[in-house]
Amino acid sequence: MSTSTPTVVLVHGAFADATSWSGVITELQSHGIPVIAPPNPLRGLAADAAHVASVAAQIDGPVVLVGHSYGGALITVAGTTDNVVGLVYVAAYVLEEGESLGELQGRFPDSPLVSNLKEWTYPVGGGDSATEVTITADAFPSVFAADVPHEVTKVLAVAQRPLAAGAFTETASAAAWQTKPSWALVAGADQAINPEVERFGAKRAGATVVELEGASHAVAVSQPKAVADLIRDAVRAVS
């Protein structure tokens, strides 16, 4: 147990950026909880997790890592960093060591996301290119953010951060939930990650689970207070 309030590090997932945490940040700050929301490179599981781990390691005192969606896979690996004292998964993938996103998803029926991805290419040096994906703009509102006002989703759809396709096949080098306490919020109406995937991962990790029945994948945008309340529970438990 620590005497100082842990710093909350919010890790966004694919097809979004750190501004997706804006409402959650406001809630946490109003309760005096230190918080940062660094950019997630979205270039691959190992590299992105190393980035998150480096952010956590440079913070004085204990850290609670919070991951949304693909960010959950990253905190699973980065959470092994010494000063990380808790993990919070928000509509997220909770991987086992040696497991990939594709393997975990493959145990359950596909979500509508899978058939609504658009492929792009990007340069990786040496004249080579790699593939990245976004959600098609017309499907974005229903797949990602069905409970967010349409005028907001129209903006979010064109401001997406693409995810490198290779991230789906990389395997997790560690599973920090095996040694550190975890919490999970399941978005019951998620159309991007099958809610069964979220429930399965959370149960396997022994997480303290809250389920929001009508919540979309963008639950941090649509219900920031509920998300912040779970994070506050985690912060209190490890303080």
Linking I/L/V/M/F/W/Y whenever their side-chain heavy atoms sit closer than 4.5 Å, directly or via other members, would [X] and [Y] fall into one cluster?
X: V11; Y: V8; value: no
X: L65; Y: L185; value: no
X: V88; Y: V235; value: yes
X: V209; Y: L104; value: no
X: L42; Y: V55; value: yes

Practice prompt. Any pair with a residue in residues 134-143 that passes salt bridge (Lys or Arg N to Asp or Glu O under 4.0 Å), sequence neighbours left out, goes on the list, sorted by first then second residue, please.
Written response: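 As it turns out, there is no salt bridge (Lys or Arg N to Asp or Glu O under 4.0 Å) pair with a partner in residues 134-143 once direct neighbours are skipped.
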Mind checking ring pair (Phe, Tyr, Trp, His ring centres under 6.0 Å) for [X] and listing every partner two or more places apart, or none if nothing turns up?
X: F140; value: F144
X: F108; value: F200
X: H68; value: H217

Answer whether the closest heavy-atom distance between the side chains of [X] and [Y] falls below 4.5 Å.
X: F15; Y: V133; answer: yes
X: W21; Y: T19; answer: no
X: K180; Y: V84; answer: yes

Worksheet item: Can you name the residues that form a side chain to side chain contact (heavy atoms under 4.5 Å, CB included) with A189, not counting sequence neighbours?
Response: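 Partners of A189 by the side chain to side chain contact (heavy atoms under 4.5 Å, CB included) criterion come out as none, since no residue qualifies.
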Practice prompt. With sequence neighbours left out, write down each residue that passes side chain to side chain contact (heavy atoms under 4.5 Å, CB included) with V94, or none if nothing qualifies.
Written response: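 In terms of side chain to side chain contact (heavy atoms under 4.5 Å, CB included), with neighbours along the sequence ignored, V94 is linked to Y89, W177, A205.
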Worksheet item: In chain order, what residues pass the salt bridge (Lys or Arg N to Asp or Glu O under 4.0 Å) check against D17, with sequence neighbours excluded?
Response: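 Listed in chain order: nothing, the list is empty.
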Item to complete: Using the side-chain contact (heavy atoms from CB on, under 4.5 Å) rule, pick out the option among V66, L212, L10, V24 that qualifies with V227.
Response: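 Passing option: V24.
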So which atom in [X] and which in [Y] form the shortest heavy-atom distance, rounded to 0.1 Å?
X: N40; Y: R161; answer: O-NH2, 2.6 Å
X: G61; Y: N83; answer: O-ND2, 3.1 Å
X: A145; Y: S216; answer: CA-OG, 3.6 Å

Hey, could you give me the [atom1]/[atom2] distance between [X] and [Y], rounded to the nearest 0.5 Å?
X: D147; Y: S222; atom1: CG; atom2: OG; value: 3.5 Å
X: I25; Y: S30; atom1: CD1; atom2: OG; value: 12.0 Å
X: D233; Y: T208; atom1: CG; atom2: OG1; value: 8.5 Å
X: L28; Y: T7; atom1: CG; atom2: OG1; value: 11.0 Å
X: L113; Y: S69; atom1: CG; atom2: OG; value: 8.0 Å

Discussion item. I'd like to know if the side chain of W120 pairs up with that of T134 as donor and acceptor (distance under 3.5 Å, no hydrogens or angles considered).
Written reply: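 Yes, T134 and W120 have a side-chain donor paired with an acceptor closer than 3.5 Å.
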Discussion item. The criterion is side-chain hydrogen bond (donor to acceptor under 3.5 Å, both in side chains); which residues satisfy it with Q105, sequence neighbours excluded?
Written reply: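 So Q105 forms a side-chain hydrogen bond (donor to acceptor under 3.5 Å, both in side chains) with Y93.
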Determine all donor-acceptor pairs shorter than 3.5 Å in which one atom belongs to a side chain in residues 148-159; sequence neighbours excluded.
from, atom 1, to, atom 2, distance (Å)
T153, OG1, H150, O, 2.9

Below 3.5 Å, can you tabulate the donor-acceptor pairs from side chains in residues 163-172 to any protein atom, sequence neighbours excluded?
from, atom 1, to, atom 2, distance (Å)
T169, OG1, G166, O, 3.2
E170, OE1, A46, N, 2.9
E170, OE2, L45, N, 3.1

Worksheet entry | Contact list for residues 198-207, test side-chain hydrogen bond (donor to acceptor under 3.5 Å, both in side chains), sequence neighbours left out |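 Listed by first then second residue: E99-R204, E196-R199, R199-E211.
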Item to complete: Report the C-alpha separation of V64 and V85 in whole Å, then their side-chain angles, then the decisive distance to 0.1 Å, and conclude whether the side chain to side chain contact (heavy atoms under 4.5 Å, CB included) test is met.
Response: CA-CA 6 Å; V64 170; V85 294; 4.2 Å; yes
Worksheet item: Which residue pairs pass the ring pair (Phe, Tyr, Trp, His ring centres under 6.0 Å) test with at least one member in residues 24-51, sequence neighbours excluded?
Response: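 Qualifying pairs, neighbours excluded: none.
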